[in-house]
Amino acid sequence: MDNFIYILSKQPKITIERLHICTWSIERNTYFTEYGMEIKRDDLKKIDLQMALPLPQTLTDKSFKCLYNNIINPENCRFIFNAEIKDISPINGQSPFGTRIEFNNDRKITALPIDFSDNVKIDADTHTLSLTIDITNEQISDTIYVRFLIKTDKPAFSYEKKEVTKRIITNEVRVNECRTASPAVIKLQKKNYEPVTINKCFCFNIIPNSYSIDFIDDKKLKTIRGLEAIGFNHYLDALKEEFKLSLKEHEYNIVFSKQENASSSPIHYSFFSRYSKEYIGNIQIGVAVAVNILCSLLFACGSLHPINYGTPLLCRIAIEYYIAMIILLCLIFYLLYCRFWRKA
């Protein structure tokens with residue numbers, strides 16, 4: 001499990017006002033993580049970020065998806081930012097140049113697209129993602145916003161432990177934590193890259209509602225709510241068909257945690273949570289007890305039949321014994337199904 005994110009730059013003025021991290025624990029062998037960044041523009045003409053984060057073995061345009069077109073839709077924008085929209089207007093009248101978004105609280109951002117071939121590069125030496133954003137256009141507001149999704153072949157910030165009776169998911173996200181810096185980050189630091197200042201970090205975990213929350217830091221926890229399936233299906237749009245996602249009402253929950261930087265110096269963030277789902281719970285135990293009582297009665301009834309020693313051995317066995325054995329086999333298959341084959 002890679003549970004760290006490092007965002008570094010050679011540009012000392014870069015400040016990320018808000019960092020959004022959204023992990024998806026979808027009930028299938030597909031893993032997604034969304035990253036969103038509100039970056040202060042200041043007097044910069046270009047933003048150059050080096051990001052060490054969980055990546056697939058080969059990052060392509062199939063596993064990296066810019067979510068620009070998803071968030072500039074007014075309905076999606078209101079849904080993602082949880083704020084009323086005053087105005088959405090594309091730069092130069094054309095959305096490929098960027099889109100200015102103004103909220104009712106007078107906060108303004110400019111959403112910018114990320115072209116995989118032009119703005120994204122992979123450093124083969126450190127296996128990190130390089131993100132370059134041109135912000136020379138004067139119509140870009142003081143705060144820019146980029147959002148993208150990365151599909152990985154294993155969970156980005158979690159690991160699973162399967163026990164006999166339950167499955168445990170431990171989720172841990174660490175941002176710019178110096179003491180656990182990877183060799184890739186150390187190489188970047190030797191090239192004069194430094195962690196950028198992040199003022200606020202938002203962490204969202206989307207998990208199946210069949211899981212119980214065993215532990216979470218309540219000082220950082222903000223809300224736990226059901227996934228708004230209609231809104232998310234509209235937001236994901238074409239990605240839903242491409243990745244074969246099917247989100248239904250009351251199927252997933254969103255766990256939202258938040259940390260803020262009280263100082264002006266770079267700070268690290270960490271989010272830890274643990275979830276579990278029982279394979280064999282009260283229902284399965286109740287079924288096993290009921291089967292035990294029923295089989296005991298069948299064996300008792302079978303023992304009341306007289307034994308005719310003149311018949312073949314199999315014919316001497318009472319029919320109740322056969323019924324009890326069939327019920328026991330069904331119970332075994334049911335418990336094995338709950339443990340190994342049922343949708344986890």
Side-chain angles (χ1 to χ4, degrees), residues 5-21 34-53 64 66-69 71-72 77 80-81 87-103 105-123 126 128-150 175-176 178 181 184-185 187-202 259-269:
I5 299 174
Y6 293 93
I7 304 177
L8 307 100
S9 179
K10 290 183 178 180
Q11 300 168 289
K13 290 186 176 181
I14 289 185
T15 299
I16 296 178
E17 186 63 30
R18 290 178 172 87
L19 172 64
H20 298 150
I21 306 165
E34 291 183 59
Y35 302 91
M37 292 180 288
E38 283 189 25
I39 306 172
K40 290 184 178 179
R41 182 185 183 187
D42 292 327
D43 58 351
L44 297 171
K45 300 298 182 183
K46 183 180 74 171
I47 291 177
D48 183 11
L49 297 176
Q50 202 74 20
M51 305 178 67
L53 42 80
F64 181 98
C66 174
L67 298 175
Y68 169 74
N69 289 324
I71 62 173
I72 62 173
C77 187
I80 291 300
F81 290 100
D87 181 59
I88 293 183
S89 57
I91 293 176
N92 296 337
Q94 300 180 41
S95 60
F97 294 103
T99 300
R100 294 186 300 271
I101 302 171
E102 183 177 358
F103 300 95
N105 58 4
D106 293 329
R107 187 164 72 94
K108 299 177 182 179
I109 63 174
T110 299
L112 297 177
I114 300 173
D115 185 88
F116 182 78
S117 58
D118 294 335
N119 304 117
V120 179
K121 291 181 175 59
I122 297 297
D123 188 322
T126 59
T128 55
L129 184 148
S130 176
L131 184 63
T132 304
I133 307 170
D134 180 18
I135 52 174
T136 54
N137 194 310
E138 294 181 355
Q139 296 188 50
I140 295 176
S141 61
D142 292 336
T143 303
I144 67 169
Y145 186 78
V146 293
R147 191 178 183 99
F148 57 90
L149 176 147
I150 293 180
V175 181
N176 282 357
C178 294
V185 173
K187 285 184 179 179
L188 289 171
Q189 289 176 325
K190 290 179 179 179
K191 298 177 181 179
N192 298 321
Y193 282 90
E194 294 295 333
V196 302
T197 299
I198 302 172
N199 290 334
K200 297 177 183 178
C201 188
F202 300 73
Q259 272 187 284
E260 294 189 33
N261 181 5
S263 65
S264 59
S265 60
I267 190 174
H268 68 269
Y269 299 93

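You'll find the side chain of Ile140 stays beyond 4.5 Å of the side chain of Phe97, heavy atoms only. Looking at Asp48 and Tyr193, their side chains come closer than 4.5 Å, going by heavy atoms from C-beta outward. Side-chain contact between Thr99 and Ile91 is absent, with no heavy atoms from C-beta onward closer than 4.5 Å. No side-chain heavy atom of Asn199 sits under 4.5 Å from any side-chain heavy atom of Arg18. Put simply, the side chain of Tyr269 reaches to within 4.5 Å of the side chain of Ile198, judged on heavy atoms. Considering only heavy atoms from C-beta on, Thr143 stays 4.5 Å or farther from Lys108 through its side chain. Looking at Met37 and Phe148, their side chains come closer than 4.5 Å, going by heavy atoms from C-beta outward. The side-chain heavy atoms of Ile101 and Cys77, taken from C-beta on, include a pair separated by under 4.5 Å.
Note that CG of Asp42 and CD1 of Ile47 are 9.0 Å apart. Values are rounded to the nearest 0.5 Å. Annotation: the span from Lys200 atom NZ to Leu19 atom CG amounts to 13.0 Å, rounded to 0.5 Å. To the nearest 0.5 angstrom, Leu112 atom CG is 7.5 Å from Tyr68 atom OH. To the nearest 0.5 Å, atoms CD (Glu194) and CD1 (Ile14) are separated by 12.5 Å. One finds the CG atom of Asn261 at 12.0 Å from the CD1 atom of Ile16 (value rounded to the nearest 0.5 Å). Note that CD of Gln189 and CD of Gln50 are 12.0 Å apart. Values are rounded to the nearest 0.5 Å.
The aromatic rings of Phe64 and Phe116 lie tilted to each other, with the angle between the two planes from 30° to 60°.
Partner Leu49 forms a side-chain contact (heavy atoms from CB on, under 4.5 Å) with one of Ile133, Val146, Ile39 and no other, that one being Ile39.
In terms of heavy atoms, Asn176 sits closest to Val196 at ND2-O, 3.4 Å. Closest approach of Asn119 and Pro113 over heavy atoms only: OD1-O, 4.2 Å.
A donor-acceptor pair is defined here as one N or O able to donate and one able to accept, closer than 3.5 Å; such a pair exists between the side chain of Arg41 and the backbone of Ile135. Panel note: side chain Ser9, backbone Gln11; a donor-acceptor pair is recorded below 3.5 Å.
Applying the side-chain hydrogen bond (donor to acceptor under 3.5 Å, both in side chains) criterion to Asp106, with sequence neighbours excluded, gives Lys86. Residues satisfying the side-chain hydrogen bond (donor to acceptor under 3.5 Å, both in side chains) test with Arg147, not counting sequence neighbours, are Glu34, Tyr145, Tyr235. Under the side-chain hydrogen bond (donor to acceptor under 3.5 Å, both in side chains) criterion, Asp115 pairs with Ser117, not counting sequence neighbours.
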**OP:** Evaluate the side chain to side chain contact (heavy atoms under 4.5 Å, CB included) criterion for residues Ile80 and Leu67: first the C-alpha distance (whole Å), next the side-chain angles of each, then the deciding distance (0.1 Å), finally the verdict.
**Re:** CA-CA 11 Å; Ile80 291 300; Leu67 298 175; over 6 Å; no
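Checked by atom type, the side-chain pair Thr128/Tyr6 shows no donor-acceptor distance below 3.5 Å.
Taking the charged nitrogens against the carboxylate oxygens, Arg107 and Glu38 do have a contact shorter than 4.0 Å, which makes a salt bridge.
Surrounding NZ of Lys10 are more than 12 heavy atoms belonging to other residues, nucleotides or ligands, all under 6.0 Å away.
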